[in-house]
Structures are given as C-alpha cells and as structure tokens.
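First up is the structure itself, then whatever we jot down about it.
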Amino acid sequence: MRADDILTPTAGTRTIYRINPVAKLAAAAVIGIALVFSLDWVSASVALACEGVLFLFAGLGPRRFVRRTLPVTIAAVFAAGTILLYGRASGASRWRFLLVNVTDGSIELSVATLLKVLAIGLPAVVLFVTVDPTDLADGLAQVLRLPSRFVLGALGGLRLVGLFADDWKSLELARRARGIADSGRLRRFAGQAFALLVLSIRRGSKLATAMEARGFGSSIPRSWARESRFGARDWMLVAISFGVASAAISTSVLTGNWNFLAGA
Amino acid sequence: MQATDTSLRPSTGRIDPHWRVVDIVVASVLGVASALVFFAWNQVYAPVTAPLDAVLPGSQALFYGVWLFAGVLGGLVIRKPGAALFTELVAAVVSALLGAQWGGFAVIEAGLVQGLGAELVFLLFLYHRWNVVVAMLAGAVAGLAMAVNDIVGYYLASGATFQAIYGASGFISGAVIAGLGSWFIVRGLARTGVLSRFASGRPGPR
Amino acid sequence: MFSETPLSIDARGWGWRHAGRAGWALRGLDLRIEPGERVLLLGASGAGKSTLVHALAGVLGGEEEGESEGRLFVDDTDAARARGRVGLVLQDPDSQVVLARVGDDVAFGCENMGVSRDEIWSRVEQSLRAVGLDVPLAHPTSALSGGQKQRLALAGVLAMRPGLLLLDEPTANLDPHGVIEVRDAVARVVEQSGSTLVVVEHRVDVWWPTVDRVVVLAPGGGVLADGTPDEVLRREGANLAASGVWVPGHPPKHPARLRRPGGTLLHTEALAVGRSTALQSDIDIVARAGECMALTGPNGVGKTTLGLTLGGLLPAIDGRLVAGALRRGLGTDPLRWKSRELVTRIGSVFQDPEHQFVSGTVAGELAVGARAIGLSEHETARRVDPLLERLRLGHLAAANPFTLSGGEKRRLSVATVLVTRPPLLVLDEPTFGQDSRTWAELVAFLAELLDEGSSLIAVTHDVHLVDALADAELRMWQADHALESRVP
C-alpha cells in the first residue's frame, strides 16, 4: 500500500468523476463561504439535509463514505465539545466546574457548531475524494488561467510524495541498524523528518533540472495535451451548490435564526 | 592540474524576484513535506492539546504553530516574493487532498490566511532580511492570523477570555514553533549542501 | 520549427564557476563535436563532465547561479538558449518522472514547446515505440522499474525531436538488465534519427560499441585525450585505468585471500522473506566466519529484503533465522535484539547511504555507533581515527556527510558499521559508484576483514565483486533461488 494510493482518486464511470475539478472546488467553496458567516443550527441543518440527498449520487459506497468522512466527524465533535463546555454563556446554567460552564446558550451553539462543521466539511471531502491531481492542475491552468509554471511546478513537487513512504521506512530501519533505535523516539522522529526533508529537496532540485531540460519554464506559449473543459455538467454542479447555499441562508433568515458572526 | 575547489565565496546579496523552476519545485516539495507533517500532527494533536484546553481554555493554541511552519520555512529557503504564501498554500492544498478533518475548503482557506500573515512580515522587510528575528516575527503574525481565522470559523460562540488566550497562544506558538523552528531547520539544511542553488544555502549578507 | 537535423557543439575557452564556490568547475575547454557524431565523455571525478553536459542543455542557471567565460555554442546558438532543441537524460530515474501517467509524462516536453494536441499524441506513441516501452498510456509511472523509468525519460526527451542527445550517467543506478535495456534503446534511437550523441558514463564497456569518439577531460579543464575508442584505449588506456576510469582490458586487481572458514555465525531454516507477501521462500543458508556470500539477481526479486531480514531489521514471513556463535548470550532471533545489541553483532550497510546519516559531520557519523554502545571518548577516538585513514576519509572528517561524493558516501557508510566491530556484515551494493581505484582499495579492505575472521553477506550486481570475494553465491530470480559454492 503505497502513499501514492492516498492521492490516486477512486476511479469510476459515474458522472461525478467526469466533472471538472475546478467545478468541484468552486462548489465546495460556495457552500463553505455561505455557511461560514453564521453560526446557527437552521442554516447548517438545511445545508446538511440537501447535501445528504446529493451524497446518494456521489458514487461513494457507504463503507468508503464513512471511512473518508470519519476524521471530519471526529473534528466536528471535538469542536462542538469545546463550545459546549467553554462557549459563551447565556440562559440557565446546567453545570459548572472550574472554568467549565454548560448553559442553555452554549448547548444550542455547540449543536450549531457540530452541524456547521459537518455541513462545510462533508461535501468537501466527498468532492475531493474523486479528484485526480493532474486533472486538477490542468483545470487550474486552463480554466482558471493560473500561471502554468506555478501549477505544474507544484504538481511536479507533489508527485515526489509517493517516494516519501519508502524513504521513511528505510530511514527507520537505518536507525535500528545504527544502534540508536532503543530510546529517544521524539528525537529520532525529528532526525528522520529532517533527513527526509534533505532527500526530498535534493530530489526536487533534480526534478526541476529535468523539467527545465524538457523546455519547461521558458517563454514559449504552452499547449495542452489534455483538454480541461468546463461544460454544462460543471455549471450544473456549481448551480446546485448555489442552490443549497441559498436554501440554507434563506431558511435561516426567514425563521429569524440568522446569527451573523454569532452576534459578535 | 588543480583539483576542484569547493570552498565558499560570499554571494552579492542581490535578489532576483523572478521565480526559477527550481524555486517553484522546491517550494512545492517543502509544501508537500509540510503537508505530511501536518497529516501526522492531525492524527495526534487532539489528545496532546486537550489537557491544555482543560486547564486553560484557549491555550491549546500553544501547539498550533505546527501548522504554520510551512510558510515561514518556504520564505526563508526560497527568499522570493510570494514564497511564504505559496508554500503554505501548497501545504494546505495537499493536506486537503489527503483528507484533512475539516474538509478541503476550510483547510485551503486557512492556509491562505496563515501564509499571508508570514508573507506580510517578509514584505515589510522588503524581502531583504532573513535573520532569526524576522523569522520569529513572520511566525508570530501567521499565528495571529490563524487565531483570528479559527475564532471566526469555529469559536464564534466562545467568550472573550477564550478568544484572548487563543490569540496570544497562537502568537507565541507561531513565533517559537514556526519562526524559530523553521530558522533552525534552514540552518541545518544549508549545512548539508542541498540548498546550493539558493541564496539561503550560500554565505552572504543576511 | 524543430527538426531532427543533428546539431554541432563548439566550445572555445569555455569555463564555468558555480555561485558561492571559489574554484572553477571547468576552465579553458576547447572542443568541437560535429553533427551526428557519437561521443563518450570520460574523466576522473570532479573533471566537470556533468557541468559541461548541463551547460549544453541550457540548465545550469543564469547569473544567479554562477559565471561563465569563453563561449559554448550548440549549432551557432548560445547553449544557454538551446533549451528544447537539446535532450538531456539524467542519472536518477525517480527524479525525472514529472507526471503520474506514462502518456502524460512523455507529452510533457511537447506541451512545453507548444506542439499541437494531435501532433503531441502521435509523437508520444512513436517515442514509446522507439524506446521499446510497451505499456498503456494510462499506466502509472510509479509502477515502472528503474530501467523502464530511464526509457520513459528518454521517450519524453525524444518526443521533442532534439538534434543533440545528452546522457549524464543514465545507467549508473540500474541493474545489469536495465543497463542493457537503456543502452539498446539509445543505440536504436540514434540509429534512426541520426542526432548527435554525447554520453557521460563510467561503464565504458557498455557504451564502447555505440560511440565513435572518446573525449577525456582533465580535472580543472582542458582535454586529456580525444580520438576513436581504439586510439584512446591504446594510447591512454593505462593512464585512464590508473586515474580510476573503468577501461575494458584493464580490470582492477583482485586481492589475494587466505580462505580459512570458521564457525557458523548465523543460519536460516526454510526462511521466507518479503514485505507483505513472500518474495522468496525456503532459503537455507549459512554465514560462517571468514566467508563471503553474495546475493545476486535482478531488481525486485527480494535481494535487499533478504539482506534486511538477515540483518535483524525486517521480520521473516516464514521459517527461522537462527543466530549461532553470534548471539553471545542473547536469544537466537536477531529481530528481538535491542538496537545497541544488534550493532555489535551485525552491521548493515544500506543501498542508499544517505538513509543512514544521522550526524552533521563525518567524524560524528563514525562516533554515533561508539556512543550508542557506551564507549569512552578515548576508546571512540582509538577506533574512529584508523578507520578514517584506512578508508581515505581523513580529510573529510569535519565535512557534512550529505556533501560527499557518491563514492565517498559509500565508503563512509561502510566505515560507520565497522566502529562497533560486528563479526557479521550485511552490505547492500558496497561497490556502487566506486571508480576502479577506490574499488580495488575497498575490495582489498573487505578481503582483510574476511581474513581477520569477519563474515560478509553482500547484496550486489557487481560481477567483479562476486569474482573477487564470494565463497558462495545465492542466485535469485522470480520466486526461486539456487545456492552455488564458488570455492575452487
């Protein structure tokens, strides 16, 4: 199981795999930006409900879905827990202990936080799971017209990550072979991380030379072997994300729950 | 015939703002390597920082400087305008691809904000000063940016005390872990000779 | 715009100094190479061959990275502006792969030159065929072997239709099979396209039939010898061999050995090794004091894995590894030994020496093992200093290990395991990257160790090493192996 596997997207033929990565990026951004401005359970839950329906079409089996989104869920719970215990106090106090103060207000806000983190995080994870780094780079350079030197240079550096895992294993075994693996785990970890950094920078410099030798980085206008198209399907996804965002915001505003920046 | 002389000669200190291919690739490598550190840190940070949160809520941010060192490191190694922002952004994007907890967009947005913080400091010094004080300052401002971003994104409902402690912790953590830490890393890297294509790998005016 | 008309090279008093260095890498070079010539570039380490080749490809960098003097022209244009018309293949297969899919990687160069999309894909097909890489376009590049990756790099370069092909030690990191693959691909390509070829390599015998001219560079600049392969061999053969070049017909001397096999240090019982699945099974070998065993075979059959398992670093998939006289009071399974107990019994040298560097100086590197087993400062110095001298690393004692040359790094990694005096040594490619002089010294040194009673297990591609030292050879291939005795 190579580190490459983490970056290789799940393959498939469903529509979602053929949507332009830039569209996926935009969709996740729209939802994220829309929800970030208010902390209330209505907007978050409406968004989450719409997303839940859409996830059914995402092409991700239930087991894979749970595995990939577990970290988000855990983080959401952790953040909500913090708010529950230390959040801004309002309403009747339910439990006090040292600096902990659980109140009606903090309970409501913690629920809202949980839903909000999930509503922003889940769709982003689901969308990114199906993104291929090369296609993303093509999209960023061709559709968004970001400078190709930076996008492709970054992609080149990203490719080197597949070698890191093998290097890391070797570095660990080497420490045992040198007689220093018995103690000082943290120190060894730092030493190994530094060695890995040295090796990767060296490889990166060599890769840069190889890329330049193939004409990269010159002023000649570049052509593209793979075309990145932004068509009807892609606009559709962006439109859907706008739909979800506006449904969430309007419901919240109409029911009087809109809580701009938590009333800061 | 004279053997190749590998002794060093100081550089002139003139910086060319144009990014070479090796600048882009190495900045990306630094970003990717940082993303891996972030990934490892993401797995263990919760239990490590929870005790701090329990004792003094908001102080868990004292460890959050780990997420900031990419930008400062990138700036110190590449020494070109935009290096800090670019490196932190690449680290964030890769982190997102690796499935960071908070979902792709939030991670990238955080990287943008944090990278800007460090970049601002380097800009303030006109991209001419790269000593330890500048490094710590860059880390500190990145830490402040992170604190503000986190509060707006997750802790809007928390009290003023929490926010103040969080902000101060972020500032300190950024200065020490991201700033001082990155500076030591760059010094170590320069000694191994891998930075020979960069001004940071050659002796010269700081 | 860019055709396959072969390009010429013209250097007049050319020199280059890297930024931050006081000395010149190359100076006063006068060289003329005609279009279509096939040249082998030789010279001792440090003669600037790599610098010259990088300069011809236009990738040395601008003012920020160094200064030049004199002129270097590729077909009447300054070499620095010749990017895209010159193809360069480098030494490290992993550092030349740009994209994740084979087809995309080959297309990369064409995209940079602004070739139209249809033209790109037709060139990709042609180039892959020309180098003999028969894999689908969507095949992941990370799944290619070293030889395949080098051919992929060659294909990527070919797709740009360069008039000059430059190869900087393209086969140095490959196994013998990969070396032949790449050499044949290059020969075929040059035959078909007629482009000018310049190869920098130490393996002279591999490239001998492909080139029609040999140029030898002197350290610091200037040309030492220039002519057809036979001429240069006749005139300068002995000199070249003396300065370290591997010249066909001038093999380095094999050391004399007193074969005095001693007791069994370690043996295996039906050992199976691998990472997750067994690469090799049912291995029964014995490591005796005073004996050398060679583990040979193509890449991927499990040689390194076997070496690591024998060294007590990786767990066996099946079977047992039993330490005999080696254990000295500990259990019989080396895997269970603590790290500092392992280091005084089995010394392992890795395939990539850089993986084992843990210190900031060469002397510090040697002291690490001594400190791990608790030796005093005095005792440490007593062991470290002679080793530094013996392996010719004395002048580098304060240097950072990462700044050493490939051959020096290899010698350093061998020196570091010897500080703790383990009776059994497991070495992975110990002679890799050595020129013929340092090769002879290293092999003589290993022979001495054997005569003093050490046991050696060497994972190697080097046939000469096997001839010189091995008492037994475990030949491995896909899922099978055979043990041969080499004692006369």
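Note: hydrogens, waters and symmetry copies are ignored here, and every other heavy atom, side chains too, is used. Naming convention: chains lettered A, B, ... in sequence-line order (proteins, then strands); numbering from 1 in each chain. Everything numeric in this text was worked out from a predicted model, so none of it was measured.
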Checked Arg203(A), Met211(A), Arg202(A) vs chain B; the most non-hydrogen pairs under 4.5 Å come from Arg202(A)
The reported gap from CZ in Phe150(A) to CG in Asp23(B) (rounded to nearest 0.5 angstrom) is 8.5 Å
Do Thr209(A) and Val22(B) touch side chain to side chain, with heavy atoms closer than 4.5 Å?
-> no
Main-chain N/O of Arg20(B) paired with Arg149(A) side-chain donor or acceptor, under 3.5 Å | no
Does Glu51(A) CD have over 12 foreign heavy atoms under 6.0 Å away?
-> yes
If you draw a 6.0 Å radius around CH2 in Trp19(B), do more than 12 non-hydrogen atoms from other residues or ligands fall strictly inside?
-> yes
Apply the test side chain to side chain contact (heavy atoms under 4.5 Å, CB included) to residues Val29(B) and Leu207(A): give CA-CA distance (whole Å), side-chain angles for both, the deciding distance (0.1 Å), then the verdict.
-> CA-CA 10 Å; Val29(B) 165; Leu207(A) 179 63; over 6 Å; no
Which atoms of Ala154(A) come close to chain B, meaning under 4.5 Å heavy atom to heavy atom: side chain ones, backbone ones, both, or neither?
-> both
Gap between atom CD1 of Ile201(A) and atom CG of Leu189(B) - 0.5 Å precision | 4.5 Å
Closest contact, heavy atoms only, Gly157(A) versus Ser28(B) | CA-CB, 4.0 Å
Taking the side chain as every heavy atom from C-beta outward, state whether Ser205(A) and Val26(B) have any atom pair closer than 4.5 Å.
-> yes
Verify the neighbour count for atom CZ of Phe38(B): are there more than 12 heavy atoms of other residues, nucleotides or ligands below 6.0 Å?
-> yes
Supply the atom-to-atom distance Phe194(A) CZ to Thr192(B) OG1, rounded to the nearest 0.5 angstrom.
-> 5.5 Å
Side-chain contact, heavy-atom cut-off 4.5 Å: Leu30(B) with Leu197(A)?
-> yes
So which of Gly188(B), Ser196(B), Gly58(B) has the largest heavy-atom pair count under 4.5 angstrom toward chain A?
-> Gly188(B)
